[in-house]
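Read the structure below first, then the notes.
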Amino acid sequence: MKNVIHYKNIDGTSKGFWGLLAFFGAIMLVGLAATYYMEHEGHWVTGMTNQIVWGVPHVFAVFLIVAASGALNVASIGSVFGRPKYKALGRLSGLLAITLLAGGLAVLLLDLGRPDRLIIAATYYNFKSIFALNIILYSGFFGLVGVYLWAMMDRSVTKYYKIAGFFAFIWRLILTTGTGSIFGFLVAREAYDAAIMAPLFIIMSFSFGMAIYILVLMAGMKGSGRVLGDETLRLLKNMLGVFVASVLYFVLVYHLTNLYATQHHGYEAFILLDGGIYTQLFWILQIGLGSLVPLGILFHPRLGKSPQWIGTAAVLVIIGGLAQMYIIIIGAQAYPLSIFPDYDIISSSFSDGIVMSYTPSIYEIALGLMGVAIALAMTQFAIKVLPFLPESLADEVIDPHHMPVEAETSDDVDDAAPATKSC
């Protein structure tokens, strides 16, 4: 007999719920105030310069955009790859994909300097520009994931569930490829101009998105008094561990490839040995705390079974991911730009051979955190008004012995009345 997965929106009437929402709102207001100040005073109040034109806001924006694609991975495994254990987790997966992308694009838009010119980017296209193509990719992602969620939640369109999941899966791969290609197509920077940037960004999206998904799922289930079984946590933490290890592999391949080419030896020495803050971020946060420590936790026979330690590992993966984005985006700009390759510059006013310094201002950090707050506030509000969370993810509900393989999400779920427990 098939198990029926019941979905309930949370009650959301407790002081804790509204207090958390107010906290996110306060961060958004601070971020808007910082944006207003930067727009009216000029970007000289930030740490950005003529050489480092992408700062901390871009770090947050690209991280959220990449994580949005990866957050959809859980839903894709359930629909595209037909894994029934993941189908109960699909709704929250699709929701996070939309909210994380919205938060990232909000930061990107407000950091452009002229956000009012978005209408130009949306109506006039230069198909030779990867930036212009990404406008199409982002818009299409919103639309496809929206249809995907509709097919999950409305029984009248159940027959479109798998096909919607397939197109959303393909589109998110294209989207992340486009984001990675922004860097891979920049031939002027030694750190970029590499075909591996696209697959690197894809696997990073899997890792970052899964880490965020685990934390949001744990918070949502615990906050609403619902059961999150060991089987579900085991599946998610194992998948996170595989993704973290895969990111490590691609980072290794990236640096080994650069070390093979003589022209990149200078940049590799800068990042790996004598780059100051960038070297420290690479070895301590990205590799150490952001990769090796989470792997040790996730695959430890005892710690890997503890929800608290799994949550800690997810937090460390996010911290390591932000450090990785900081190195990719800012470290590459700080490294001297080679305007005349193979020539010694006697005199120049273009900062040739000089490592550029960058210290992020409080305004940039506030703007970046605003994007995170937007994504989390949208998610929190959505699970209050619509049934995105299962009523229970207990082992007896998720276990394959109780949920046959042939079970389909939309046929085997039920949207019940709002939960009585507060969040």
Side-chain angles (χ1 to χ4, degrees), residues 1-14 16-17 20 71-99 145-162 164-165 168 213-237 239 307 378-423:
M1 182 178 179
K2 295 181 180 181
N3 278 1
V4 178
I5 303 296
H6 297 274
Y7 290 87
K8 290 183 179 180
N9 49 309
I10 65 176
D11 188 43
T13 57
S14 67
F17 176 90
L20 184 60
L72 193 62
N73 200 54
V74 175
S76 297
I77 292 175
S79 60
V80 178
F81 298 99
R83 300 291 299 275
K85 292 182 180 180
Y86 294 89
K87 291 182 178 180
L89 309 172
R91 293 188 183 186
L92 180 62
S93 176
L95 172 63
L96 274 175
I98 290 177
T99 57
V145 176
V147 172
Y148 189 22
L149 282 172
W150 179 29
M152 288 186 200
M153 303 176 74
D154 188 346
R155 288 190 178 131
S156 65
V157 291
T158 297
K159 58 183 179 180
Y160 302 112
Y161 165 63
K162 285 188 175 181
Y213 181 89
I214 289 174
L215 291 175
V216 172
L217 179 66
M218 292 175 67
M221 297 298 286
K222 182 177 181 179
S224 56
R226 307 182 190 196
V227 178
L228 178 57
D230 295 336
E231 176 66 11
T232 300
L233 271 181
R234 183 188 67 82
L235 292 172
L236 295 177
K237 69 96 177 178
M239 192 156 47
M378 289 177 64
T379 303
Q380 183 182 359
F381 181 76
I383 63 176
K384 171 179 169 57
V385 299
L386 290 173
F388 282 101
L389 284 178
E391 184 180 7
S392 174
L393 287 174
D395 291 343
E396 59 269 18
V397 176
I398 298 300
D399 191 274
H401 296 294
H402 297 275
M403 182 180 289
V405 174
E406 66 269 20
E408 292 295 336
T409 298
S410 297
D411 290 335
D412 302 322
V413 301
D414 179 42
D415 296 335
T420 56
K421 294 184 178 181
S422 300
C423 177

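Only this structure's heavy atoms are used, side chains among them; waters, hydrogens and symmetry mates stay out. Since the structure is predicted, the reported quantities are computational estimates derived from the model, not experimental observations.
- Thr379 meets the side chain to side chain donor-acceptor pair (under 3.5 Å) test with Thr99; sequence neighbours excluded.
- Applying the side-chain contact (heavy atoms from CB on, under 4.5 Å) test to Ala75 and every residue at least two apart in sequence or in another chain returns Leu72, Ser93, Tyr148, Met152.
- For Arg83, the salt bridge (Lys or Arg N to Asp or Glu O under 4.0 Å) test picks out no residue, with sequence neighbours left out.
- Here the closest non-hydrogen pair linking Ala71 and Ala97 is CB-N, 4.1 Å.
- For the pair Lys8 (side chain) and Pro390 (backbone), a donor-acceptor distance under 3.5 Å is absent.
- The side-chain heavy atoms of Leu236 and Val74, taken from C-beta on, include a pair separated by under 4.5 Å.
- Taking both residues in full, the closest heavy atoms of Gly146 and Ile98 are given as N-CD1, 4.2 Å, listed atom of the first, atom of the second, then distance.
- A distance-only check finds no donor-acceptor pair linking the side chain of Asn9 to the backbone of Pro387 [under 3.5 Å].
- For the pair Asp230 (side chain) and Asp395 (backbone), a donor-acceptor distance under 3.5 Å is absent.
- A distance of 12.5 Å separates CD1 in Ile77 from NZ in Lys87, rounded to the nearest 0.5 Å.
- A search for side-chain contact (heavy atoms from CB on, under 4.5 Å) contacts involving Tyr160 returns Val157, Ile163, not counting sequence neighbours.
- Every residue meeting the side-chain contact (heavy atoms from CB on, under 4.5 Å) condition with Leu228, not counting sequence neighbours, appears here in chain and number order: Leu217, Met218, Met221, Thr232, Leu233, Leu393.
- Annotation: the span from Phe388 atom CZ to Leu89 atom CG amounts to 14.0 Å, rounded to 0.5 Å.
- Take Leu235 and apply the side-chain contact (heavy atoms from CB on, under 4.5 Å) test, not counting sequence neighbours, and it matches Lys85, Tyr86, Glu231.
- The line from CG of Leu96 to CE of Met378 is 10.5 Å long, rounded to the nearest 0.5 Å.
- Arg91 places no side-chain N or O within 3.5 Å of a backbone atom of Tyr7 that could act as its donor or acceptor partner.
- Atom CZ of Phe17 and atom OG of Ser224 lie 11.0 Å apart (nearest 0.5 Å).
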